[in-house]
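Each remark here refers to the structure printed beneath this line.
Naming convention: chains lettered A, B, ... in sequence-line order (proteins, then strands); numbering from 1 in each chain.
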There are 2 protein chains.
Amino acid sequence: MSTTATPSADSQLRLFARFLREEGLPVTAQRAAVAETLFSSEGHWSVEDLENALRERGEKLGKATIYRTLDLLVKSRLVEELDFGEGFKRYEHRLTRRMGHAHLVCQACGKVEEFQIDEMPAIEARIAREAGFRPTRTRLQIRGLCSTCREKGVTLPQQGLLCPIEVA
Amino acid sequence: MSTTATPSADSQLRLFARFLREEGLPVTAQRAAVAETLFSSEGHWSVEDLENALRERGEKLGKATIYRTLDLLVKSRLVEELDFGEGFKRYEHRLTRRMGHAHLVCQACGKVEEFQIDEMPAIEARIAREAGFRPTRTRLQIRGLCSTCREKGVTLPQQGLLCPIEVA
DNA sequence: CTCAGTGCAAACCGTTTGCAGAACG
DNA sequence: CGTTCTGCAAACGGTTTGCACTGAG
């Protein structure tokens, strides 16, 4: 109901509720609120983002509850934990995303865009075949300069030994 | 000199010294010790690992100096910062490694192996072409079950909604 | 002498944990 | 009534920072 849920947020919430029931855990208002908020956009949510969005919805949860609910969401495999090197974690839900998308992190403005890498399944299959490794979660993160910053003429601080290394 | 340097550790140290000189920074004994230690193996070093290895070499450096030197090594692009989700960072040197290797992290035993992904350059080129994004650093991390653990019959704790999601 | 580098210890900050009280069945 | 969840606040732990001391030029 109400605000900003994407079309499929409801069904995702239902999946989370099912997971909780299977684990013998109650579906509390707080857990539903965190899940619903996180499912409401394709964004990369920090705990602070979630806290603020929840406050705006009129729900005031303690940080601890948010962290504990995120643990459950990650365990349920509906949500993926991310780390863009900011010193804290971010979270994205998985259901409306295809697997094998890369995160393009702009080192100038911090923006993160997603980019589909269609060869990921084939790469994972090769790893399974050649290394005997059974992949469960893949994270591909590419840092660099986004098109917007590039067009603005922004350049990354030229760090030291760029050329010597690439040549070596 | 002395102990466990790989054949090319010397030349890497020389590159780091060159970087420092170019930045107008002195090549101190501590900086050389940290760099030499890190360059002495293909491993994934934590700050604690480095501290211990340095102590065994007879050098006692403060943590702060290690952290500050690692900053310089990362800036020089001779060393890459890693995060395997352990709650702390790890570091690997870049010179004897090919670019575009994935880190296969075993969720059962914690072991990390490297696996060469030859299509990485092509993927980066496509990202540059189609998204206008200029990649500088790529991190590919794949978590799962390594062959050793698999052969031992270890299985990962079956987390919740595996099937429903993959089907969705 | 001067100035940056070092080492210690304190500060920092995202996250986790302990515990008293609330909520649900 | 008992059990679990919640929220507050304290604890935690890796990393960063402030500052007095050291050491090279």
Side-chain angles (χ1 to χ4, degrees), chain A residues 13 16-17 19-38 44-55 57-76 79-92 110, chain B residues 13 16-17 19-38 44-55 57-76 79-92 110:
Chain A
L13 190 53
F16 183 47
F19 166 77
L20 290 173
R21 259 179 269 116
E22 280 171 5
E23 299 281 313
L25 300 170
V27 184
T28 64
Q30 288 90 335
R31 285 172 183 167
V34 171
E36 217 170 298
T37 304
L38 209 165
H44 306 117
W45 294 85
S46 69
V47 169
E48 204 188 334
D49 291 340
L50 283 168
E51 231 182 345
N52 296 338
L54 285 162
R55 201 187 337 273
R57 276 174 58 139
E59 325 245 7
K60 310 155 224 276
L61 316 212
K63 266 193 174 64
T65 302
I66 298 178
Y67 278 108
R68 286 187 278 232
T69 305
L70 285 169
D71 281 348
L72 293 170
L73 283 162
V74 170
K75 278 214 188 76
S76 79
V79 167
E80 194 82 32
E81 189 187 273
L82 309 172
D83 186 343
F84 298 146
E86 301 165 296
F88 51 86
K89 303 282 175 58
R90 291 186 175 272
Y91 300 86
E92 70 176 17
Chain B
L13 190 53
F16 184 47
F19 166 76
L20 290 173
R21 258 179 271 117
E22 281 171 5
E23 299 281 313
L25 301 170
V27 184
T28 64
Q30 290 89 336
R31 285 172 182 166
V34 171
E36 217 172 298
T37 304
L38 208 166
H44 305 117
W45 294 84
S46 68
V47 169
E48 205 189 333
D49 292 340
L50 283 168
E51 232 183 346
N52 295 338
L54 285 163
R55 201 187 336 273
R57 277 174 58 140
E59 325 245 7
K60 309 153 224 278
L61 316 212
K63 266 193 173 68
T65 302
I66 298 179
Y67 278 108
R68 286 186 279 230
T69 305
L70 285 169
D71 281 349
L72 293 171
L73 283 162
V74 169
K75 278 213 189 75
S76 80
V79 166
E80 193 83 31
E81 189 187 273
L82 308 172
D83 186 344
F84 298 147
E86 301 164 296
F88 51 86
K89 303 282 176 55
R90 291 185 176 274
Y91 300 85
E92 70 176 17

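- Residues Leu13(B) and Ala35(B) approach most closely at CD1-CB, 3.7 Å, considering heavy atoms.
- Nearest heavy-atom pair across Thr37(A) and Ala53(A) is CG2-CB, 3.7 Å.
- Protein chain B contacts DNA chain C over a range whose 5' and 3' limits, counting nucleotides with an atom under 4.0 angstrom from a non-hydrogen atom, are dG5(C) to dC8(C).
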Dump every N/O contact between nucleotides 13-15 of chain D and the protein below 3.5 Å, one line per pair.
| residue | atom | partner | partner atom | Å |
| --- | --- | --- | --- | --- |
| dT15(D) | OP1 | Lys89(B) | N | 2.8 |
| dT15(D) | OP2 | Tyr67(B) | OH | 2.4 |
| dT15(D) | O5' | Tyr67(B) | OH | 3.1 |

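- Leu50(A) has its side chain within reach of Leu70(A): a pair of non-hydrogen atoms, C-beta onward, lies under 4.5 Å apart.
- At a threshold of 4.5 Å between non-hydrogen side-chain atoms, the residues Leu82(B) and Glu92(B) count as touching.
- Atom CD of Glu48(A) has 12 or fewer neighbouring heavy atoms from other residues, nucleotides or ligands inside a 6.0 Å radius.
- Computed from coordinates, the Glu23(A) CD to dC5(D) C1' distance equals 16 Å when rounded to whole Å.
- To the nearest 0.5 Å, atoms CG (Leu38(A)) and OG1 (Thr69(A)) are separated by 10.5 Å.
- Among Tyr91(B), Phe88(B), Phe84(B), the one residue that satisfies the ring-ring contact (aromatic ring centres under 6.0 Å, His included) test with His44(B) is Phe84(B).
- Contact check, Thr28(A) against dC5(D): no side-chain N or O comes under 4.0 Å of OP1 or OP2.
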Kindly give the atom pairs (protein nitrogen or oxygen, nucleotide nitrogen or oxygen) under 3.5 Å for nucleotides 18-25 of chain D.
none

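- Salt-bridge check for Glu36(B) with Arg57(B): passed, with a basic side-chain N closer than 4.0 Å to an acidic carboxylate O.
- Considering all non-hydrogen atoms of both residues, Gly85(B) and Asp83(B) come closest at N-OD1, 2.7 Å.
- Residues Glu51(A) and Ile66(A) meet the side-chain proximity criterion, which asks for heavy atoms closer than 4.5 Å.
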